[in-house]
Each structure stands twice: as structure tokens, then as C-alpha cells.
Amino acid sequence: MVTTTQQKMVTGKINGQDVTVPAGTQILEAARLAGIEIPNLCFQPLLRPWGSCRICTVEILGRRGGLIESCATPLGDGMEVLTHSPDALQARLYILQMYLIDHALDCPTCDKSGECYLQDNTYLHNINANPYRRPKFSQPYEHFSATIDYKWDRCIMCNRCTRVCDEVIGVTAIETANRGLEATISTAFGIDLSETSCTNCGMCIAVCPVGAFTDRHFGHHPWELDATETICGFCDNGCTINVESNKGIVRRVSHLWERGVNHGYTCEKGKWGHEIIQSPDRIFYPRLREQDGRVYETGWDEIVAHVADRFGHYQGSKFAALASGENTNEEAFALQQFSRAVMQSNTVNRLLSPAQMAVERTTRQAFGLDVASTNNLQELFSAAKNILVVGPSIFEHAPIVSYWINHARLYREARIVVISTEHYLLCDRAVMWLKPNPGTTDLLIDGIAAEIVNSGLLSGEADQVAGASDYAAYVAEVDVAAIAEKTGISVQQIHEAAMVFLAGEMDFVGPRPEGGFKPSSVFSTIAHGDEDGKMAEYGDPARITAALTNLSALTGNLGIAGGGVASMRGPANYQGTTDMGMVPDFLPGGIDIADDTARGRFERAWSSRWIGQAITSNGFAQVRSLPTTPGLELDELADAIDSGVVKAAWVEGGFATRHEVLNTRLYEALKKLEFLVVVDAYDSPLTEIADVVLPLALNLEKDGTFTSYDRTVQRVRAAVPAMGEARSELQILSAVAGRLGYDLTYGHPAQAMVEIAQLVPDYAGVSYARLERGGIVTPVAAFGDEGATILGGDRLHTQYITPAS
Ligand code: FES
């Protein structure tokens, strides 16, 4: 079924130029689309028009009064607008002079100097004298929290800060207090922000057009800093950030509005997390553990020779490589190549938690491939309507997704049901928050599916999916009353949640609308269940994931805009490391290792890299074919180490493994290896048990690409040099492989991407040149291809997963 939406368009004249835009577009936006900038102060992309500062005043010809704020006035058909008429300019000049009466004008000591919108507008309008003046009402900084200061005498009361807090973040930690001259921004009840619902995202600072909100961790002027646009490394949302540095130190992260999947907005980690890049507990030099257990720092030449020499003993099934989900695509591609082509082992994987493993396995079973999202995040701005959010706090684990869900609720009247055993911000803004008893989340979702089936509102599409008859039989047996008893959620609530997911209304009774229901999407954070109780709290992550994919298939929401299933996994490049073949049975691009023809392409590409004799002393063999049997899954790997089959491993850590053990079973097994190389940026439980520790450059210190959870490939750029002797994975692997006679050198990660694009059909349209213009959604078949933002139909091999009875 194809649905089309028609958008009414209007045409007006701006400065004599015909401009056609969708009806409802504000004049300021329409002018921007036509390349005409209108000065503004209280306008902020993605926030609702506010119209308070009046700096954006324009003149509408033929209209009584003529002058109007352009950010809050839609362009009308036939409207004639002048953005810089004498009357408009005079009005702006006067308004600016009014602002400057009470503004502190302490620009030399203001952090915002050099990027202040009031300063810019004052300059733009050439205001070098103000006939209106009175004594200044000077006020000291108010410390709102350990990170945020507020200075009243700089504030222009544009309310961008309070609006972003409410409309995007979904909090109201700050609000306007008092009226008139005494109006101010205040924390709730005047208490420290850390004691409120504030999430410390820093967006109040980011959107402040003047220096009223300032960052207490920042003490520089903008012109002292070099800026680098790159991708945040803390989760798989793939936010674009602007990293500003000088003297090799990151000083702050700022915001590129309307850029990237996050449109410039960030969470707490995105805003301040960069500080851990230059933490003193980084690993600066390679380390080697002597046989007597003592550890000493050494140089790269010595350590590379040692690693290559030892690895020579463990070729084939004795070797395993585990990437970090924070590797760049190019690093992951190189690591699986090293393992397969050089070490002759298909036992490659990511270091995953049991919950991540379960979600991966089930997603692959349900869809035929492991994709963290069938749909694109940006559909929350255009198509998503009914939204089911399941699992640990999405606000904590995928904050930007949470922002856009809240935005969809506010601006597009999306209806949200949250199923979570923990209370977080979105629970209060959802139509329903359901808190099932521990371990019963899957039952609750099955109950919702049964209520939908029992309502008789489904079309016949649900029967087209593989495994339909088994699943139908299973659902027919579901006893909703029994589920209500076990979950603690009443039958009525289960029914209402089902109707919200299906039809967007709790009390919907039918009939099924002609053309079907509005789309419904699922967002799951079940992969974030950890071993310390959260998994038990929610239940079996595999069963929950299966119940959700079943629900989406059942309601015909796969393959449509605003539908689908998203299951954010955590590490910044989880999807990319999967795509790059860090899985035991698939080559890069999800190509079956047993496919002789496809494997032959990789063999031909890589066999020419054998360039010389191995500089080792242990009979290492230069094999020019790839191993054909699938490697070991993580559970099997732990067993194989225990039984002495696998004896050596290359394991990479990351932010997630810095303080905790992700997978206890595997961690205990790794201790038994004869030779363990850990590549990491920080001391961690992994480095404690390593024979060799190699210092790894972090994402702000290297070039490459990440693929976000919604399959958008984006450019990672080095903002600062690596700390100490840390190196990127590409550099490290190139040195080790070189000692074994294999040329794994890429002059720049861009060259690795050229090879990836040649070998991996789903990345065939990815190139660094194209990435300079922005992210590219995969699968993307060729240079000019748009990429498949929605997976469904032929691209997925969807099947119902019916639980064993
Ligand atoms: Fe239009 Fe402030 S930007 S009124």
C-alpha cells in the first residue's frame, strides 16, 4: 500500500523575490530558505516560535502597521515582505537600544564575547551610541550548579533556555520568575540544579544568545580556539559535535545548529564528556607484563615485535579478536582482516554484554540480519505517530532519541506508551507509563499483541510474514487475565496500551480506518540491561526483543515511514563494527563466510597484501586463503578458552569497560589465556589481566567513520593529537601485521573506506568526499544513491519468533 501526503504550498515575495514554501512556514524560515538572513535573538531552530525579542521585525507591504516579527508570522500567499526596509531597520535599531539600556555590557569579561548574538546585532546595526541610558543594575553570577552559572544583568529574557529545557529535553528545571524589570530565570524553588530534575545537558548554556548562561568549566574566548566538527563517541546515536581546542587540549564542545542527526543538541555526555579524553588516568605508553608478573612501560618497536612474535604461535583456531564497539569502521575492518587473513581465525566479535548478545541474536533471527534500527531517527520529525518505548531509561541510554520522541509528542501529537520498571522523565510525558513486575516485560508485550489480535482491527498483512501460523496459534493461547496477574498491569491498561500503539487512542473501538492506521514505532533499550540486576528487572532480553519484533510485524509496521523497530545497543559504532564483519560467521557486509564466490573476492583483494617474509621465529605460515568455518560465538569462545582450544586473543576496551566487566563469564575465561593483548585508552579490569597493554587513541584523536544505530555513516575527525604514545588501531595493526609480512597499511582511513566500498555492497556509495556533505544512510549501493532509510519488504527476511511452549 502506498500512501501520499499532500502539502499546501504558498508563494510570497521577500525583497522582491518569489518564495514558495509549505503553508505555515514562518517568514524568517522562508527567507532563510531563499538565502536571506533576518537578524534574530529569541528564534531557535526546533523550538516553537516565541516572538518576544522583535529583532526579527520585517515590513509587510500593504498591511496596517506594516511591522511584524518574522519568526512568528507565517508567509502568506501573495504577501510582500521587505526584510531591510528603512522602517524595519529603524525598528530594530530602537529595540536594540532598549536592550542595551540594562544589558551589563561587560563584554571583556564575558565568555560569550565574540559569539554573542546581541553583540553581533549591535555591530550589524552600527549602534555606537545610545540616547537611552540609566545606571546599570549590576548582579553577581548565580551558581545554578557545579557546571552552570547565570548572570541576570546579561539576560534578555528571550526564554530560549526555559523553552529548550521544556520542549526538547522534556524537563522544566528552570523557569521564568517575577515580572517586569525583576523578571529573571530561576531554578525550581531556587535550589541547586543538581537537586532538581535537571539532567545537566547544558542546553540552556548552548542556546543562550548572550552570556547570561555560562559554562563553569570553560575559561577561554572563542577566538582562541580551533574548531573541529566530528561525531560524539559516547553512544550509537551519532551526534555531530563541534570540538573546540587549543594547545592540544579540548576546551569545550559547542553546537552546530541544524547539523547532524542531533540538529546540534547534545546530552550531558556530549556536552561535558570530552573532559575524560584528557584524564590523567589515560594509558600513555605500551606496557608489557614480565613472567614474574611485573609490568613495565616500553616503546612501540619492542612491543610490536613481542606481540607479532607471540601471535605467530597461535595461528588458526587458537586465536580470537574482540573489537570494541567504539572502533571506527576502518579500524574494525582492519581488525577482522588481520584476524581472518593473517591469523586465519574467524573467531572475531565485539566485546558484548549478555543483553547485547541476546538482542543481536534475536534481531538477526527476526530480520535475517542484525540492524539496530529498521528506520531512521529523523522520522520522529515527519512520520512517527504512535510510539512504544521499552526498557531501561531511554533518557539515560539514548538521550537524543528521547529528546526527539518528546519533540514528536509536543509538535506532532505523537502518542507515547512507556514500559519500564524505572521512572524517568519521559514516563511523565507519555500517555501511559506501565511498570510491570520484575521479569515480566515480555509477557506484557505479548498481552498487548493478544489484545490487538482480539480487537479484530488487523488487516490481513500480518499473515504474510513467515511463521505466521505458529505465532497466531501462540497468541490465541495468550491469557490476558493471567498476564495481568503476573505483570501487575490490569487487563484494562493492557487493552488501552494496545489501542494507543495500534490506533493512537486508548479508547479506540473501531472500525479500522480506510487506508489503515497511522504508523507505530518501537524503541527498545533492552540491550542496556546489565548484569547487576537490570536484566533480571526486565526479564529475558531475547524474549522481549522477539515480542517487540513480533508486535511490529503483526501490526504491519515494518517497511513504512514512522514504523519499525529501533534497539539502540550502546557503543558509538556498534552497528559499524557489525557491518565491518566483526562477527564470527559473516564477512564485512553480512556476507556469509561459507559463500565461496563472495569469500573469493575478499581473498583476491587481501592476498596481494602479503609482501615479505615474516620477521618471527616460530614458523608462522603466510596462508593466502581465508578460513571457511565460522568462528566461535562469545559463549562458545569462553568455553573454548576454558578447554584450552583458544590460547591467545586481541581484545579492545572502551568507555563501557572502563570501570566494569561487561561479561563476567568471558572475563573469567580471558584470564586463562596464554597470551592476552588488550588495546585500551584507560586502565580497566581488562588491562589488569593483560600480558600486553597497547594505548589506543580515542575518537577525538583520530580520523575515521562511525555508523550510528540508524545506519547513518558519519565522519569522525581528529580534533587533538593523541595523548602520550597512544595510536589508532589502524596504526597499531599495520605495525603488527607488517612484522608478519602482511601489508595492512592505509595511508589514511579514507583509503580503507575505498577498499570497504569496493568489497561491501551495502557501503558501495560511501566515500570521504561525499561524507564531507553529511551522513550517508546504508545500505547505499552507489555514489549517487540516497541510501535505504527504511528496511522492510525484500530487504528484511522477517519472521515471527514464537516462544517454545
Ligand atoms: Fe523573532 Fe525574537 S527572533 S521575535
Side-chain angles (χ1 to χ4, degrees), residues 12 14-15 19 21-22 24-61 63 65-76 79-103 112 115-127 152 154-168 174-176 179-181 183-185 203-213 255-258 263-265 411:
I14 302 181
N15 295 350
V19 180
V21 290
T25 305
Q26 313 300 333
I27 294 172
L28 185 136
E29 288 278 20
R32 290 172 83 208
L33 291 171
I36 299 165
E37 278 297 323
I38 300 175
N40 57 77
L41 277 176
C42 70
F43 167 79
Q44 169 69 23
L46 293 189
L47 299 188
R48 68 168 53 131
W50 195 245
S52 76
C53 78
R54 312 280 161 151
I55 300 297
C56 66
T57 294
V58 293
E59 183 172 0
I60 299 179
L61 294 179
R63 177 166 168 154
L67 299 177
I68 192 94
E69 63 279 9
S70 61
C71 72
T73 310
L75 186 71
M79 191 182 263
E80 284 191 55
V81 179
L82 294 179
T83 64
H84 289 73
S85 69
D87 282 355
L89 285 172
Q90 182 57 41
R92 280 186 217 143
L93 182 91
Y94 176 72
I95 294 160
L96 280 165
Q97 285 171 335
M98 292 294 109
Y99 274 122
L100 294 171
I101 294 172
D102 289 329
H103 188 73
K112 199 76 178 183
E115 56 184 8
C116 169
Y117 290 25
L118 185 60
Q119 197 178 53
D120 290 348
N121 273 306
T122 303
Y123 181 76
L124 187 70
H125 291 83
N126 194 24
I127 302 174
W152 173 85
R154 291 179 191 154
C155 185
I156 58 167
M157 296 308 294
C158 66
N159 285 85
R160 280 191 189 195
C161 52
T162 56
R163 286 186 286 144
V164 76
C165 193
D166 176 19
E167 295 174 29
V168 171
I174 49 174
E175 253 309 343
T176 308
R179 290 287 176 270
L181 189 60
T184 184
I185 303 298
M203 283 304 97
C204 47
I205 300 170
V207 299
C208 182
V210 292
F213 274 87
H255 309 266
L256 299 169
W257 302 120
E258 300 171 283
H263 302 258
Y265 294 86
Y411 288 90

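Quick caveat, the model's predicted, so the values are computed rather than measured. In each ligand, atom 1 is the first atom listed, and ligand 1 is the first ligand listed.
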### Task
May I have the step-by-step check of side chain to side chain contact (heavy atoms under 4.5 Å, CB included) for Val164 and Gln44, ending in yes or no?
CA-CA 9 Å; Val164 76; Gln44 169 69 23; 5.8 Å; no
### Query
How about Ile14 and Val81: do any of their side-chain heavy atoms sit closer than 4.5 Å?
yes
### Distance filter under 4.0 Å to Cys71 heavy atoms, resulting ligand 1 atoms
1 (Fe), 3 (S), 4 (S)
#### Entry: Nearest non-hydrogen partners of Arg48 and Tyr411, listed with the distance
N-OH, 2.6 Å
### Message
At less than 2.8 Å, would any N/O/S atom of Cys53, backbone or side chain, sit next to atom 2 (Fe) of ligand 1?
### Response
yes
### Task
Please find out if atom 1 (Fe) of ligand 1 and some N, O or S atom of Cys42 are separated by less than 2.8 Å.
no
#### Entry: Element-labelled atoms of ligand 1 that are located less than 4.0 Å from some non-hydrogen atom of Asn40
3 (S)
### Message
I need the atoms of ligand 1 closer than 4.0 Å to a non-hydrogen atom of Leu41, numbered in the order shown.
### Response
3 (S)
### Task
Measure Ser52 to ligand 1 on non-hydrogen atoms and call it side chain, backbone, both or neither using the 4.0 Å cut-off.
backbone
### Query
Got the closest protein heavy atom to atom 4 (S) of ligand 1, with its distance?
Arg54 N, 3.1 Å
### Message
Can you confirm whether Leu89 sits close enough to Arg92 that some side-chain heavy atom of one is under 4.5 Å from a side-chain heavy atom of the other?
### Response
yes
#### Entry: Distance-minimising heavy-atom pair for His125 and Leu93
O-CD1, 3.5 Å
### Query
So, do Val58 and Thr83 sit near enough that their side-chain heavy atoms are less than 4.5 Å apart?
yes
### Query
Taking only heavy atoms of Phe43, which atoms of ligand 1 are found under 4.0 Å from at least one of them?
3 (S)
### Summary
Taken to the nearest 0.5 Å, the spacing of Ile156 CD1 from Leu41 CG works out to 4.5 Å
### Query
Would a 4.5 Å heavy-atom cut-off, applied to side chains only, mark Ile38 and Phe43 as touching?
no
#### Entry: Part of Leu28 with heavy atoms under 4.0 Å of ligand 1, whether side chain, backbone, both or neither
neither
### Query
In ligand 1, which numbered atoms sit nearer than 4.0 Å to a non-hydrogen atom of Cys56?
1 (Fe), 3 (S), 4 (S)
### Message
Give the atom numbers and elements of ligand 1 that come within less than 4.0 Å of a heavy atom of Gly51.
### Response
4 (S)
